[in-house]
Amino acid sequence: METRTPPLATPVRPADAGGIGEAARLLAGGRLVAFPTETVYGLGADATNGEAVAAIFAAKGRPRFNPLIVHLPDLEAARRQALFNPLAEKLAARFWPGALTLVLPRRADAGVSLLVSAGLGSVALRVPSHPIAAALLRAVERPLAAPSANASGRISATSAAHVAAELGGRVDLILDGGATPLGLESTVIGFQDEQAVLLRPGAIARAEIEAVTGPLAGPSGKIQSPGQMESHYAPAARLRLNAARAESGEALLGFGAVADAWLNLSPRGDLKEAAANLFSMLRDMDEQVEAIAVSPIPATGLGEAINDRLKRAAAPK
Ligand code: TXA
Ligand code: MG
């Protein structure tokens with residue numbers, strides 16, 4: 001088991017009006033603030049301030065070639081940063097505010113720093129639905145760049161305590177809004193010849209998107225998401241997937257009606273519940289055991305995104 005040094009102190013404040021006001025002041029001054037969204041906690045900075053955006057990469061230890069998602073209060077603000085095609089408009093109308101990220105061509109007059117795009121001509125945009133994220137975006141009156149609030153390559157944070165464990169001492173304030181309801185990152189959609197491409201499966205299932213777009217293409221050589229590296233979401237513990245049972249030395253992370261689970265993502269076999277529990281249970285087990293066996297998870301619905309995260313959590317580092 002890896003022993004971690006205790007996190008350095010970072011102020012954690014409840015996300016009441018005072019907390020949101022202080023967060024907005026810090027962000028406007030170029031500082032970093034972690035805040036809850038409906039998917040996972042984000043590590044936020046003023047997306048129009050290059051130095052503040054650079055500080056995100058430093059705090060996460062994130063490679064500079066991996067671009068960031070820009071969060072906006074509404075579609076109108078999003079249209080000021082990127083060029084929307086008709087399909088993107090339809091997706092935004094259907095899923096925003098919510099757990100959908102659209103990767104679109106940057107407008108020449110986009111106000112956000114070139115650093116958020118990591119050298120690409122595109123920019124990733126999302127209008128979050130979480131009331132605290134929405135209130136913060138309205139208060140700060142500028143777009144916020146926010147990757148998941150974890151150290152690069154590690155498990156995403158779904159609570160303020162997890163953010164403190166990942167980034168304590170490297171962020172100026174953590175806004176505590178409790179556990180994030182969905183627990184999985186947004187679904188990322190790009191476009192190739194105006195056809196929708198699934199760049200990252202996420203909290204909105206493929207079938208829901210395809211009801212709007214028709215069949216999604218997978219990422220090809222032409223368009224891709226630099227963040228989709230094989231090893232990611234990685235616990236320190238060894239991870240074995242599609243396990244019927246735990247072997248000796250392993251603890252079972254169960255799904256459905258399985259015996260002897262150390263923890264169970266959803267005893268009743270509900271994928272939404274499993275998605276909400278995935279990162280926090282992986283993190284809990286990682287603190288206590290050296291090897292984790294995970295029950296098979298169906299590939300349907302949210303299972304696509306859950307299996308994507310598990311596969312990359314299990315990949316060799
Ligand atoms: O739910 C979420 O999306 C959370 C919350 C905080 O909004 N954010 C999040 O950010 O997951 P991050 O940085 O951990 O993941 C962003 C993903 C990465 O895989 C990145 O490579 C991809 O989006 N991405 C960002 N900008 C892109 C671009 N211009 N082109 C292609 N992929 C992009
Ligand atoms: Mg991430």
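Quick note: numbers below take in every heavy atom, side chains included, and nothing from hydrogens, waters or symmetry partners. Just follow the structure's listing: the first ligand is 1, and inside any ligand the first atom is 1. Just so you know, residue 1 is the first one in the sequence shown, and it goes up from there.
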S.K.: Which protein non-hydrogen atom lies closest to atom 20 (C) of ligand 1, naming both residue and atom, and how far is it?
M.R.: Asn66 OD1, 3.3 Å
S.K.: Starting from atom 32 (N) of ligand 1, find the nearest protein heavy-atom neighbour and note its residue, name and distance.
M.R.: Ser225 OG, 2.8 Å
S.K.: Please write down residue, atom name and distance for the protein heavy atom closest to atom 16 (C) of ligand 1.
M.R.: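 Here the closest protein heavy atom is Ile69 CD1, 3.5 Å.
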S.K.: I'd like the name of whichever of Ala99, Ser186, Gly42 reaches closest to atom 2 (C) of ligand 1 through any heavy atom.
M.R.: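 Going through Ala99, Ser186, Gly42 one by one, Ser186 has the nearest heavy atom to atom 2 (C) of ligand 1.
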S.K.: Return the orientation label for the His71 and Phe35 ring planes: parallel under 30°, perpendicular over 60°, tilted otherwise.
M.R.: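 If you compare the ring of His71 with that of Phe35, the planes turn out perpendicular.
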S.K.: Taking N, O or S atoms only and a limit of 2.8 Å, check whether Tyr233 reaches the Mg ion (ligand 2).
M.R.: no
S.K.: Out of all atoms in ligand 1, which are within 4.0 Å of some heavy atom of Ser122? Include the element for each.
M.R.: 28 (C), 29 (N), 30 (N)
S.K.: So which protein heavy atom does atom 15 (O) of ligand 1 come closest to, and at what separation?
M.R.: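 Answer for atom 15 (O) of ligand 1: Arg200 NH1, 3.1 Å.
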S.K.: Can you pull out the closest protein heavy atom to atom 27 (C) of ligand 1? Residue, atom name and distance to 0.1 Å, please.
M.R.: Pro67 CG, 3.2 Å
S.K.: Could you list the atoms of ligand 1 found under 4.0 angstrom from a heavy atom of Ala124?
M.R.: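 Those atoms are 25 (C), 26 (N), 27 (C).
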S.K.: Quick check: Arg62 and ligand 1, any N/O pair under 3.5 Å apart?
M.R.: yes
S.K.: Among all protein heavy atoms in this structure, tell me which lies nearest to atom 31 (C) of ligand 1, with the distance rounded to 0.1 Å.
M.R.: Gln224 O, 3.5 Å
S.K.: Examine the proximity of ligand 1 to Arg106 and report which part, side chain or backbone, both or neither, has a heavy atom under 4.0 Å away.
M.R.: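 The answer is neither; Arg106 stays 4.0 Å or more away.
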S.K.: So which heavy atom in the protein is nearest atom 7 (O) of ligand 1, and how far is it from that ligand atom?
M.R.: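 Atom 7 (O) of ligand 1 sits closest to the protein heavy atom His71 NE2, 2.7 Å.
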S.K.: Which residue and atom name correspond to the protein heavy atom nearest atom 14 (O) of ligand 1, and how close is it?
M.R.: Ser148 OG, 2.9 Å
